[in-house]
Amino acid sequence: MAPIAAVRGTHDILPAQAHAWEWLHRTHERVAGGFGYRPVETPVLEHTELFERGVGAGTDVVDKEMYTFTDAGGRSLTLRPEGTAGVVRAVMAAHLLDATRPLRLRYAGPMFRRERPQKGRHRQFHQLGIECLGDPAPHLDVEVIEVGVRFLEAVGLHGVSIQVNSLGDRDDRARFRAALVAHYTPLRDRLCEDCRRRLAVNPLRLLDCKRDADLAEGAPRLADLLGAASERHFAEVLAGLEDAGIASTRNHRLVRGLDYYCHTTFELWHTSLRGAQNALAGGGRYDGLAEELGFPGTPGVGYAIGMERLLSLLAEEGAGPASLPAAAAVVCSLAPAQGLAAAACARGLRAAGVATVLDAADRKLGAKLRAAASLGARWAVLVGEVEVATGAVALKDLATQEQETVPAGRLAARLRGGVEDAAG
Ligand code: AMP
């Protein structure tokens with residue numbers, strides 16, 4: 001029988017990466033938490049309609065990439081492809097904005113899209129995100145971008161470029177859509193198949209196409225069609241970013257095709273990410289989303305950062321957390337007869353706050369010391385017949401190979417002192 005493999009496009013987070021993984025979560029908690037963003041968790045499984053309305057028919061994600069199935073009750077359910085729609089649903093359903101406005105939330109978790117797997121593109125991937133709900137003010141667009149930038153600084157990533165654009169409001173985009181259709185219609189025969197469809201259903205997405213990039217060269221720019229209010233909003237965002245010392249690049253081709261996106265849209269790029277995978281994070285304002293989901297109109301702005309892309313960039317740059325030992329000490333019984341004594345010793349150490357692994361296996365001491373070293377432990381505590389009889393243990397420093405005898409009652413204090421010395 002063939003061994004069962006992981007589903008294509010999914011991956012395991014094994015212990016060697018898990019430390020960096022947890023560190024990313026903690027750092028995001030710390031940085032976003034420092035701006036007042038509180039945690040929220042929403043289900044992975046949602047009604048398909050949430051994404052059809054909340055991400056939008058006409059997008060690749062909804063049209064081609066969702067994991068959708070009908071459950072035994074005949075309902076169409078979908079594994080979430082993104083986090084914002086679920087967070088907005090949760091906040092509106094629980095009336096959280098009645099008490100706090102703006103409401104600042106952060107989330108982390110797996111997302112699912114049936115894309116073609118390749119480097120930086122998975123079918124199950126993970127995002128760290130924030131949403132700031134209930135206030136349309138441009139300084140909150142700035143804040144959201146700043147949280148993302150400070151987070152990437154905190155994890156030690158250099159070479160991030162901040163691409164920003166304004167999508168204006170509904171009226172601006174209606175003018176822009178008409179101008180795009182006028183520009184592209186005479187070029188229809190030269191467009192790729194996807195773009196011909198986009199021209200009919202979602203002309204803004206024409207600017208996203210990598211294949212038809214040359215045709216976008218002379219295309220109209222939304223920037224030239226923005227109304228006064230939209231101009232003002234964007235100018236305030238740019239001024240706010242500058243004030244925060246965040247350099248940004250205006251990217252006229254950064255568009256989102258759906259009506260509930262408005263004003264600021266942004267992506268964080270990294271110089272070493274290429275092609276379709278160049279974005280490390282994406283975000284923007286979505287003041288029309290809540291209404292699209294059937295709730296009262298409620299402004300919002302947020303971002304989502306891809307954890308896999310971030311981790312692989314950090315690994316390439318040699319950044320990331322120092323690796324952590326599995327435990328500070330390994331307590332080794334020298335023979336099966338000392339198994340219980342070794343377990344009691346390990347228990348005592350843990351109770352005193354020293355992370356301790358018990359090795360009570362029936363194998364030679366040499367093998368136990370090698371295993372202890374491979375866990376990264378600083379000490380091996382040896383419990384043999386003599387030790388049990390005398391109430392002391394042999395303590396071996398695995399870095400220096402020096403060995404000393406320590407009374408059992410003083411062991412924890414001795415190791416804790418060593419841990420504190422090492423922490424320095
Ligand atoms: P989006 O929700 O499409 O704006 O994506 C936000 C971020 O999530 C991207 O910039 C990527 O870092 C990450 N991301 C999106 N799709 C994938 C995927 N299929 N595999 C890995 N990361 C992804």
Side-chain angles (χ1 to χ4, degrees), residues 12-34 38-39 41 108 154-156 311 314-315 318-424:
D12 303 303
I13 298 144
L14 299 172
Q17 301 108 41
H19 174 51
W21 192 261
E22 289 183 330
W23 168 78
L24 275 192
H25 278 112
R26 276 199 311 275
T27 311
H28 192 252
E29 271 168 41
R30 178 169 57 75
V31 174
R38 291 190 297 172
E41 300 259 358
V155 298
L311 274 180
L314 289 171
S323 61
L324 260 194
V330 176
V331 178
C332 306
S333 55
L334 297 188
Q338 291 93 45
L340 289 180
C345 174
R347 213 169 283 128
L349 286 178
R350 287 184 211 114
V354 180
T356 304
V357 166
L358 171 65
D359 189 345
D362 184 7
R363 57 176 173 171
K364 292 215 163 66
L365 180 61
K368 293 191 179 195
L369 293 178
R370 280 194 297 281
S374 80
L375 293 177
R378 163 94 188 269
W379 292 287
V381 178
L382 314 183
V383 181
E385 208 177 333
V386 177
E387 285 79 7
V388 173
T390 59
V393 295
L395 178 64
K396 191 176 180 73
D397 184 324
L398 293 167
T400 62
Q401 302 303 318
E402 279 166 21
Q403 194 164 316
E404 61 189 290
T405 301
V406 180
R410 296 232 303 273
L411 180 64
R414 167 80 182 81
L415 297 197
R416 267 213 318 271
V419 171
E420 279 154 21
D421 285 352

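All residue numbers in this chain count up from 1 along the given sequence. Hydrogens, waters and symmetry mates play no part in the numbers below; they use all other heavy atoms, side chains included.
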Would you indicate whether [X], at its atom [atom1], is surrounded by more than 12 heavy atoms from other residues, nucleotides or ligands within a distance under 6.0 Å?
X: E41; atom1: CD; value: no
X: E402; atom1: CD; value: no
X: R363; atom1: CZ; value: yes
X: E385; atom1: CD; value: no
X: L340; atom1: CG; value: no

Side-chain heavy-atom pair [X], [Y] within 4.5 angstrom cut-off:
X: L314; Y: W23; answer: yes
X: D397; Y: W379; answer: yes
X: L398; Y: V330; answer: no
X: Q338; Y: E387; answer: no
X: L311; Y: Q17; answer: no

Closest contact, heavy atoms only, [X] versus [Y]:
X: A319; Y: G156; value: CB-O, 4.0 Å
X: A377; Y: P325; value: N-CB, 4.5 Å
X: V388; Y: A341; value: CG2-CB, 3.7 Å
X: K396; Y: L369; value: CE-CD1, 3.8 Å

Between [atom1] of [X] and [atom2] of [Y], what distance do you get to the nearest 0.5 Å?
X: R370; Y: K364; atom1: CZ; atom2: NZ; result: 10.0 Å
X: L334; Y: K368; atom1: CG; atom2: NZ; result: 7.0 Å
X: L382; Y: L365; atom1: CG; atom2: CG; result: 5.5 Å
X: L358; Y: S333; atom1: CG; atom2: OG; result: 7.0 Å
X: L411; Y: L349; atom1: CG; atom2: CG; result: 4.5 Å
X: R410; Y: T405; atom1: CZ; atom2: OG1; result: 11.5 Å

Please check this pair: side chain of [X] against backbone of [Y], looking for a donor-acceptor N/O pair closer than 3.5 Å.
X: R378; Y: A328; value: no
X: R416; Y: A352; value: yes
X: H19; Y: A322; value: yes
X: H25; Y: W21; value: yes

### Message
Walk me through whether V31 and V155 qualify under side chain to side chain contact (heavy atoms under 4.5 Å, CB included).
### Response
CA-CA 10 Å; V31 174; V155 298; over 6 Å; no
